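Predicted model, so just to flag it, every value in this text is computed and none were measured. Numbering starts at 1 and runs along the sequence shown.
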Amino acid sequence: MLPMSNVSPSPGTPMAASPLTRACLEIDEYAAGLGWDKPARLFALVDTARLKKQEPRLASQLGLDTDDAGQSSLTPIEQDTVPSGTPLDKFLGTIAWPDAVVGCALTVERLMLPPSAEASVPEGLSDKQLAKWVAGHPERQEVRITVAVLRDGSRESAVRLREKDSSTEVLTGGGLVPGLAEALAATFV
């Protein structure tokens with residue numbers, strides 16, 4: 001594994017949420033604490049109990065050595081920086097995870113348009129031209145997207161609007177960002 005850093009559980013994470021949802025929201029809260037205009041971040045998701053048993057020193061470094069009943073069963077471990085000059089799809093195509101990694105997650109900032117704006121997108125634009133067009137659109141929204149997937153195919157997403165930058169305003173759902181979820185799932189093939 002690459003160098004790691006701690007992602008501590010968020011006190012506002014819903015208790016009724018699945019372990020994958022909790023991990024996704026913990027990563028979203030961690031990214032929110034770093035502020036906006038940050039590069040993409042990649043996380044390995046590991047089974048917390050297995051980590052504590054097989055790597056007690058690392059678990060201790062990450063603050064997982066207590067028997068906290070509210071602790072998530074998945075521990076996000078941040079990986080090295082995602083290369084800024086490489087397209088995300090190409091970068092994800094280079095990743096292979098060891099067996100100890102049960103899932104992964106990525107957080108990335110993007111501009112999005114509401115569905116009502118889709119009809120006005122000019123045809124035939126290159127990726128660069130489309131990005132420029134979206135950046136100039138009056139209805140654009142800056143968002144931070146966190147997508148998490150497990151080896152078993154489970155998926156979760158968290159979307160945070162910059163204009164509503166609050167943990168109570170984060171939208172979650174397994175199918176919110178299907179393309180990115182597919183790309184992350186392909187890292188386990």
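Note: Lys52 NZ to Ser60 OG = 11.0 Å, rounded to the nearest 0.5 Å. Between the CD atom in Glu26 and the CG atom in Leu45 there is a gap of 9.5 Å [rounded to 0.5 Å]. Separating the OG atom in Ser157 from the CG atom in Asp28 is a distance of 11.0 Å, to the nearest 0.5 Å. Considering CG of Leu161 and CG of Leu171, their distance stands at 8.5 Å, rounded to 0.5 Å. From Cys24, atom SG reaches atom CG of Leu176 across 9.0 Å, with rounding to the nearest 0.5 Å. Here the straight-line distance linking atom CZ of Arg160 with atom CD of Gln141 works out to 14.5 Å at 0.5 Å rounding.
In terms of heavy-atom proximity, Val108 sits nearest to Ala40 at CG2-CB, 4.1 Å. Of all non-hydrogen atoms in Ala117 and Glu139, the two that sit nearest each other are CB-OE2, 4.5 Å. The nearest pair of heavy atoms linking Gly35 to Glu109 is O-OE2, 4.0 Å. For Ser167 against Glu29, the heavy-atom pair with the smallest separation is CB-OE1, 3.2 Å.
A heavy-atom distance below 4.5 Å is not found between the side chains of Pro122 and Gln129. Residues Thr146 and Leu106 form no side-chain contact, since every pair of their non-hydrogen atoms from C-beta on lies 4.5 Å or further apart. Using a 4.5 Å heavy-atom threshold, the side chains of Thr107 and Phe43 count as touching.
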Under the side-chain contact (heavy atoms from CB on, under 4.5 Å) rule, what do Leu74 and Leu150 come out as? Steps first, then yes or no, please.
CA-CA 10 Å; Leu74 293 172; Leu150 296 179; 4.0 Å; yes
What's the verdict on salt bridge (Lys or Arg N to Asp or Glu O under 4.0 Å) for Glu156 and Arg22, showing C-alpha distance, side-chain angles and the deciding distance?
CA-CA 9 Å; Glu156 187 60 78; Arg22 284 193 302 270; over 6 Å; no
Handout entry: Steps toward salt bridge (Lys or Arg N to Asp or Glu O under 4.0 Å) verdict (Arg155, Glu182)
Key = CA-CA 9 Å; Arg155 297 165 182 209; Glu182 282 296 320; 2.7 Å; yes
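Residues in residues 120-132 take part in no salt bridge (charged side-chain N to carboxylate O under 4.0 Å, His left out) pair, two or more places apart or across chains. Identified under the salt bridge (charged side-chain N to carboxylate O under 4.0 Å, His left out) test for residues 171-180, with sequence neighbours left out: none. Residue pairs meeting the side-chain hydrogen bond (donor to acceptor under 3.5 Å, both in side chains) criterion with at least one partner in residues 31-47, sequence neighbours excluded, are Trp36-Asp165, Asp37-Arg162, Arg41-Glu78.
Side-chain contact check for Ser73 and Thr48: no donor-acceptor pair (N or O, by modelled atom type) lies under 3.5 Å.
With a 4.5 Å cut-off between side-chain heavy atoms of Ile, Leu, Val, Met, Phe, Trp and Tyr, the cluster of Val134 takes in Leu111, Leu113, Val121, Leu125, Leu130, Trp133.
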Under 3.5 Å donor-acceptor pairs involving side-chain atoms of residues 90-105, not counting sequence neighbours:
unit_1 : atom_1 : unit_2 : atom_2 : d
Thr94  : OG1    : Phe91  : O      : 2.6
Trp97  : NE1    : Thr187 : OG1    : 3.0

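Gln79 contributes a side-chain N or O that, together with a main-chain N or O of Ile77, makes up a donor-acceptor pair within less than 3.5 Å.
By the side-chain contact (heavy atoms from CB on, under 4.5 Å) test, Ser166 is found to be paired with Thr168, Glu169, residues two or more places apart in sequence or in another chain being considered.
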